[in-house]
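Reading through the structure tokens given below for one structure.
Hydrogens, waters and symmetry mates play no part in the numbers below; they use all other heavy atoms, side chains included. The structure presented is a predicted model; accordingly, all values stated were derived computationally and were not measured. We count residues from 1, following the sequence as given.
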Amino acid sequence: MVDASMKSKVNWRQILRNFFTKTASMYTWSRPAKRALGAGYYAPKVVEKPEIDIVVAIDTSGSIDDETFKQFLTEIKAILQNTGNKSKIKILLFHTSVYDEVDVNPQNVMQTLAKIQPQAGGTTFSSVGQYIKKHKIKPKATVYLTDGHNDSNTFDVPDGQKIFFIIQPNGTHDMVKKYGPSYDLDITY
């Protein structure tokens with residue numbers, strides 16, 4: 001399903017760096033730096049690659065065509081490549097409800113993404129938040145890959161959850177901009 005020749009259209013490195021600056025600390029005070037202790041002072045230990053757990057919610061409503069869906073999968077691959085080997089991504093496929101949950105990591109990304117079978121339907125963003133709450137999933141952030149249209153006037157966001165949106169061409173930022181930052185996905189056919 002994922003075309004190896006497709007390139008990411010979003011600068012994930014920059015978006016993730018900006019987005020996770022506040023949530024993914026590069027230092028930990030829970031364990032001191034050994035060299036600092038040896039020199040007689042207490043300093044935080046540097047964390048090389050903090051683990052970033054992300055939920056990626058893919059809108060598969062009828063307005064998402066095959067080419068856009070393939071590009072969404074390419075973007076998931078790019079997210080993994082830019083978050084390091086410890087990253088864990090849970091993909092939630094949704095339309096009016098979440099109908100599939102897929103875990104990917106850098107080692108299984110291509111095989112896993114190739115097996116995804118989208119279903120069509122309307123779009124209800126709240127179904128993702130409700131699913132996350134019901135299944136007690138605790139991501140540091142949720143990324144919505146969508147056209148920005150929502151059939152419901154509600155948007156259920158779990159407490160303390162950071163979210164942002166990647167909007168397909170011809171999509172709308174109007175309905176999502178009050179819930180988190182949104183970025184355009186540039187797809188050229």
*Shortest non-hydrogen contact from L145 toward F72*: O-CE1, 3.4 Å
*Taking all heavy atoms of V128 and all of L92, pick out the closest pair and write down the distance.*
CG1-CD1, 4.1 Å
*Quick one: do F164 and T142 satisfy side-chain contact (heavy atoms from CB on, under 4.5 Å)? Show the steps, please.*
CA-CA 7 Å; F164 67 97; T142 298; over 6 Å; no
*Minimum heavy-atom distance S127-T96, with the two atoms named*: CB-O, 3.5 Å
_Distance (rounded to the nearest 0.5 Å) between M175 CE and F165 CZ_ = 10.5 Å
*Measure across H149 and T123 and return the closest heavy-atom pair with its distance rounded to 0.1 Å.*
O-CG2, 3.0 Å
*Within the distance-only criterion (no hydrogens, no angle test), does the side chain of N150 pair as donor or acceptor with the backbone N or O of F125 below 3.5 angstrom?*
yes
*To the nearest 0.5 Å, how far apart are CD1 in I89 and CD1 in I76?*
7.0 Å
_Gap separating the OG1 atom of T68 from the CD atom of Q168, nearest 0.5 angstrom_ = 4.5 Å
_Shortest non-hydrogen contact between T146 and I64, atoms and distance_ = C-CD1, 4.4 Å
*Could you grab the distance from atom CD1 of I132 to atom NZ of K134, nearest 0.5 Å is fine?*
13.5 Å
*Before giving the answer on side-chain contact (heavy atoms from CB on, under 4.5 Å), spell out for Y144 and I58 the whole-Å C-alpha distance, their side-chain angles and the decisive distance to 0.1 Å.*
CA-CA 6 Å; Y144 286 83; I58 302 178; over 6 Å; no
*asked:* Could you tell me if S61 and H95 have a donor-acceptor pair between their side chains, going purely by distance under 3.5 Å?
replied: no
*For L93 and I116, run side-chain contact (heavy atoms from CB on, under 4.5 Å): C-alpha distance rounded to whole Å, both residues' side-chain angles, the deciding distance at 0.1 Å, then the answer.*
CA-CA 9 Å; L93 299 165; I116 292 177; 3.5 Å; yes
*Would you please name every residue forming a ring pair (Phe, Tyr, Trp, His ring centres under 6.0 Å) with F94, sequence neighbours left out?*
none
*Go through Q71 and E75 one step at a time and tell me if the side-chain hydrogen bond (donor to acceptor under 3.5 Å, both in side chains) criterion holds.*
CA-CA 6 Å; Q71 188 63 51; E75 298 306 328; 2.7 Å; yes
*Got a sec: does the CG of N170 have more than 12 other heavy atoms crowding it under 6.0 Å?*
no
*About how many Å separate CD1 of I54 and NZ of K162, when rounded to the nearest 0.5 Å?*
13.5 Å
*With rounding to the nearest 0.5 Å, note down the distance linking NE2 in H173 to NZ in K178.*
15.5 Å
*Locate the shortest heavy-atom distance separating V176 from T172; write the atom from each residue and the value.*
CG2-O, 4.4 Å
*Carefully, step by step, assess V104 and V102 under the rule side-chain contact (heavy atoms from CB on, under 4.5 Å).*
CA-CA 7 Å; V104 294; V102 181; 4.2 Å; yes
*Are any of the side-chain heavy atoms of I167 and L185 separated by less than 4.5 Å?*
no
*Assess whether side-chain hydrogen bond (donor to acceptor under 3.5 Å, both in side chains) is satisfied between Y99 and T60, documenting all intermediate values.*
CA-CA 10 Å; Y99 63 87; T60 65; 2.9 Å; yes
*asked:* With salt bridge (charged side-chain N to carboxylate O under 4.0 Å, His left out) as the rule and sequence neighbours excluded, what pairs involving residues 166-176 come up?
replied: D174-K177
